[in-house]
2 protein chains.
Amino acid sequence: MNLKELSNKLNLSQTTVSRALNGYPEVGEKTRARVIEAARKYNYHPSYSAKRLAMGKSHAVAHVVPQSPQHSMINPHFSDFIAGAGSTYAKFGFEMLISVVPYDEQEKCYRELARSKRVDGVIVHGPYKEDPRIGLLQSLQLPFVVHGRTEESNIDYSWLDVNNRSSFKRATNFLLDLGHERIALLNGIEEMDFAYRRRLGYEAALTQRGIEVDSGLIFSSDMIEPYGYDVTKSLLQRENAPTGLVTSSVLTALGVVRAAQECGLQIGKDLSVVTFDDELSFLQYPGVPLFTSVRSSIMNAGRRLAEILLDQIDNPDKPPVQELWETDLVVGQSTGPRRV
Amino acid sequence: MNLKELSNKLNLSQTTVSRALNGYPEVGEKTRARVIEAARKYNYHPSYSAKRLAMGKSHAVAHVVPQSPQHSMINPHFSDFIAGAGSTYAKFGFEMLISVVPYDEQEKCYRELARSKRVDGVIVHGPYKEDPRIGLLQSLQLPFVVHGRTEESNIDYSWLDVNNRSSFKRATNFLLDLGHERIALLNGIEEMDFAYRRRLGYEAALTQRGIEVDSGLIFSSDMIEPYGYDVTKSLLQRENAPTGLVTSSVLTALGVVRAAQECGLQIGKDLSVVTFDDELSFLQYPGVPLFTSVRSSIMNAGRRLAEILLDQIDNPDKPPVQELWETDLVVGQSTGPRRV
DNA sequence: TCCGCAAGCCAAAGCCCTTTGAAAATTTGA
DNA sequence: TCAAATTTTCAAAGGGCTTTGGCTTGCGGA
């Protein structure tokens, strides 16, 4: 059943039927009711392809995911984000398109997306301190929003970020308050803006207390379990091992726990850990949380960012939206006063 | 630049230009060369929307992801799978569309996808022992392939599965050979076919050695870290605690390790663990693996399944493809002989 | 009674490609 | 050399929707 057939059945023109269905005002209310009823009865649904061709809109959004053998963008953090964004898209009838491309083909991919009008907008993941994608997308006139932000966040584009700096300052302070002085940072990859800011927060907390930053206690890597394990293992073998750790992800923190326990240390007693917690859905469970953490749901971020993007697509002239989310500090079992 | 403009520039008809570009034989070689050259020069690319409308093909594949508050399909296993499938799609110029929908709207979603011709095919995730989606998709005439299979795998559809039964039999046997007799199974959700088969394998191994299956040692849940932790914690408090465990995912196994260490037990000495390992990309690291495991890359499965689907789309008349992958047994540090 | 103005509806053009059926140009074969 | 076969090209008909511009109604005001 297509528009033509439906309008024949109704003895109306395609114009009127189309307008009735799409809520345009120039059609009488009884007519509209009749049309809607008929559409339901005959199970009419407009063809997406035709609609897109006619309107020059794709009703789709892309996530371009750079993939390299070294760094996998497709990780649990990403998938939770996608789950959130996906639910927004579903709600508004948008499609989500995930393009997995090699690092050096990203630009090509964006250009292609813009040119082909295959999508109405994109979400940019994991921005670097300075990120060429921002300028590229602006020049391509392709609506976009950024998960995170670049160093010069005053540039005019939409982003949503958690307050990484304050979160890590707070996390570090929490350990300092407990008496810890040698505190390690297991950061993400520091070329990325979020990790850079996290480090700043960590350093600020230390400096404020007059504790010198020890670069030997700062690590940077993909936020996975073995990373936490390996670093902790080697840290604990040092003479002057840290008594507190701040980590960038629960995954990493799990590695820390494994290493500590293997060394016979009790988490929360012999070693304290505060982690950033994205509230990954597959790690949630009821009860007192294992980890003391600063937390913010990455799934909610996905949901919200998608909303911002869709809004941006509908209203290209609205000013950019920039949201900075604060995190919650949740005290779990992984922290305790420094043992003397 | 659209087709019309390009053909005007060339003083050719749209027909000829279109055919030249799409490799049809009824166009002279010099003409074709001329057309291709011009297309490059003017940076002409056909419009996807128009192409789709004209051909009734979408060059896209959907993954319908049921989402509920209880079970999150979007987990690290899924995202690795997607990464694999995505790379295949990218290679062949297909789009990947992820539809996150509530459980009870799946059928509607599939019907909608089929009706609207928004995609040329779908990949079915996480089949149950009996799965209504199979019949639905067959009746909708929408090409599909299944990751895993249903109990009656002789039905005529394409699937790719790992040999869950033999893998778990093997894993269990490995523990039995080490002298373990009380072996727990931390399975996935047993309504799902893969978990059902895993249990069969586990039980078969025990029975073959004349060990009675103790249903008190069998657990079933989403394969996450806290699950492994909780179950292990409670198991170790029993009088007659198991000395060996078989788990369905490395995530769960990590929880097992955490619980065991917390109880002062050493993994590989006091407690042995064999896990199924999907080779999740974010958990890979060099060196002797922590876990003894039966393994098969879920990312490769995604890659291959996408290939099968695309092939199926191109050649609808080819018979279904059914692949059963065997797993590798890799010995790590998590297993050792039973202590007396 | 007639005009003007909304409100309601319509025909047709436009979006941009593929594909059919046929014509024109070229080559082949006797 | 000319008809037949083949190659090359084309005009036009889809595909299914939106949207422009214009054409009817029906009604209130003059």
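Every chain is numbered from 1 and lettered A, B, ... according to where its sequence line falls, protein lines coming before strand lines. Computed over heavy atoms, backbone and side chain alike; hydrogens, waters and symmetry mates excluded. Small disclaimer: the values here were computed from a predicted structure and weren't measured.
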Inset, instruction - Taking only the side-chain nitrogens and oxygens of A:Lys51, find out if one of them lies under 4.0 Å from OP1 or OP2 of D:dG16. - result: no
Inset, instruction - May I have all residue pairs that pass salt bridge (Lys or Arg N to Asp or Glu O under 4.0 Å) and include part of residues 99-108 of chain A, sequence neighbours excluded? - result: A:Glu107-A:Arg111
Extract all donor-acceptor atom pairs below 3.5 Å that involve side chains of residues 305-316 of chain B and protein atoms in other chains or at least two apart in sequence.
residue: B:Glu307; atom: OE1; partner: B:Arg304; partner atom: NH1; Å: 3.1
residue: B:Asp311; atom: OD1; partner: B:Lys318; partner atom: NZ; Å: 3.4
residue: B:Asp311; atom: OD2; partner: B:Lys318; partner atom: NZ; Å: 3.0
residue: B:Gln312; atom: OE1; partner: B:Ser158; partner atom: OG; Å: 2.7

Inset, instruction - Using salt bridge (Lys or Arg N to Asp or Glu O under 4.0 Å) as the criterion, list what pairs up with A:Glu191, not counting sequence neighbours. - result: none
Legend entry - Approximate separation, where rounding is to 0.5 Å, of B:Leu160 CG and B:Asn300 CG: 10.0 Å
Inset, instruction - Kindly indicate, with the supporting measurements, whether the criterion salt bridge (Lys or Arg N to Asp or Glu O under 4.0 Å) is fulfilled by B:Asp193 and B:Lys129. - result: CA-CA 4 Å; B:Asp193 181 80; B:Lys129 284 169 66 180; over 6 Å; no
Inset, instruction - Figure out the CD/P separation between B:Glu26 and D:dT9, and round it to whole Å. - result: 11 Å
Inset, instruction - Under 4.0 Å from any heavy atom of chain B: name the first and the last nucleotide of DNA chain C that qualifies, 5' to 3'. - result: C:dC16 to C:dG21
Inset, instruction - Compare the minimum distances between each of D:dT8, D:dT18, D:dT9 and the side chain of B:Val27, then state the nucleotide with the smallest one. - result: D:dT9
Inset, instruction - Treat a base pair as Watson-Crick or G-U wobble with both distances under 3.5 Å, then lay out DNA chain C in dot-bracket form, 5' to 3', with | for cross-strand pairs. - result: ||||||||||||||||||||||||||||||
Please set out all donor-acceptor pairs under 3.5 angstrom arising from side-chain atoms of residues 47-57 of chain B, sequence neighbours excluded.
residue: B:Ser47; atom: OG; partner: B:Ser49; partner atom: N; Å: 3.3
residue: B:Ser47; atom: OG; partner: B:Ala50; partner atom: N; Å: 3.0
residue: B:Arg52; atom: NH1; partner: B:Ser58; partner atom: O; Å: 2.7

Inset, instruction - Map A:Gln14 and A:Gly28 onto DNA chain C by nearest heavy atom, then report which one ends up closer to the 5' terminus. - result: A:Gly28
Legend entry - For DNA chain D, the residues among residues 31-50 of chain B that have a non-hydrogen atom under 4.0 Å from it: B:Thr31, B:Ala50
Legend entry - Counterpart residues, side-chain contact (heavy atoms from CB on, under 4.5 Å), relative to A:Ser18 (two or more places apart): A:Leu3, A:Asn22
Legend entry - Closest-nucleotide ordering on DNA chain D, the 5'-leading residue of A:Thr16 and B:Glu29: B:Glu29
Legend entry - A:Gln322 side-chain N/O to A:Tyr157 backbone N/O, donor-acceptor pair under 3.5 Å: yes
Inset, instruction - Please collect all ring pair (Phe, Tyr, Trp, His ring centres under 6.0 Å) contacts where either partner lies in residues 109-139 of chain B, sequence neighbours excluded, each pair once. - result: B:His63-B:His125, B:Phe78-B:His125, B:Phe81-B:His125
Legend entry - Derivation and outcome, salt bridge (Lys or Arg N to Asp or Glu O under 4.0 Å), residues B:Arg40 and B:Glu37: CA-CA 5 Å; B:Arg40 217 172 36 78; B:Glu37 171 55 24; 2.9 Å; yes
Inset, instruction - Return the residues of residues 2-13 of chain A meeting this criterion: a heavy atom under 4.0 Å from some atom of DNA chain D. Order them by number, or give none. - result: A:Asn2, A:Leu3
Inset, instruction - Give B:Lys57 one of three labels, base, sugar-phosphate or nothing, depending on what nucleic acid heavy atoms sit under 4.0 Å from its own. - result: nothing
Inset, instruction - Quickly work out the A:Tyr24 OH to D:dT20 C1' distance and round it to whole Å. - result: 12 Å
Inset, instruction - Using atom CG of A:Leu53 as one end and atom C1' of D:dC17 as the other, report the distance to the nearest whole Å. - result: 8 Å
Inset, instruction - Mind checking side-chain hydrogen bond (donor to acceptor under 3.5 Å, both in side chains) for B:His147 and listing every partner two or more places apart, or none if nothing turns up? - result: none
Inset, instruction - Answer yes or no: are there more than 12 heavy-atom neighbours, outside A:Glu130 itself, under 6.0 Å from its atom CD? - result: no
Inset, instruction - Let me see the working for B:Ser281 and B:Asp80 under side-chain hydrogen bond (donor to acceptor under 3.5 Å, both in side chains), right down to the final yes or no. - result: CA-CA 7 Å; B:Ser281 56; B:Asp80 253 42; 2.9 Å; yes
Inset, instruction - Would you list the pairs meeting ring pair (Phe, Tyr, Trp, His ring centres under 6.0 Å) in which at least one residue belongs to residues 2-45 of chain B, sequence neighbours left out? - result: none
Inset, instruction - Kindly say if B:Thr15 contacts the phosphate of D:dT9, meaning a side-chain N or O under 4.0 Å from OP1 or OP2. - result: no
